[in-house]
Amino acid sequence: MVDTARFQLGPYAVKVIGAVITAIGSEHATTAVEVATFVPLDLESVARILDSFEAEGVISVELVDGF
């Protein structure tokens, strides 16, 4: 199912978030907060994009200490 809210952010934002998680995620597990420090987007938008990546099987999300 297509996440229409994700596409309202624009394909460029999705591409940039993908590049950021590729760059920093290969070093260690990362959080939405860490990803948000690299882009001019609010945390909710970053989290929504990451959720859509998880739904597509691009990344896996793991809750640690409730986060």
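What you are looking at is a predicted structure, and each value in this text was computed from that prediction instead of being measured.
Linking ILVMFWY side-chain heavy atoms closer than 4.5 Å, directly or via other members, places Leu50 and Val58 in a single hydrophobic cluster.
Here the closest non-hydrogen pair linking Leu41 and Ala13 is CD1-CB, 4.0 Å.
Scanning for salt bridge (charged side-chain N to carboxylate O under 4.0 Å, His left out) contacts around Glu44 gives Arg48, with sequence neighbours left out. Taking the side-chain contact (heavy atoms from CB on, under 4.5 Å) definition, one finds that Val20 meets it with Val16, Ile24, Val35, Phe38, Val39, sequence neighbours left out. The side-chain contact (heavy atoms from CB on, under 4.5 Å) test applied to Thr31 returns Val33, Glu34, not counting sequence neighbours.
To the nearest 0.5 angstrom, Thr30 atom OG1 is 8.5 Å from Ile21 atom CD1. Ile59 contributes atom CD1, which lies 8.0 Å from atom CG of Asp51 (distance to the nearest 0.5 angstrom).
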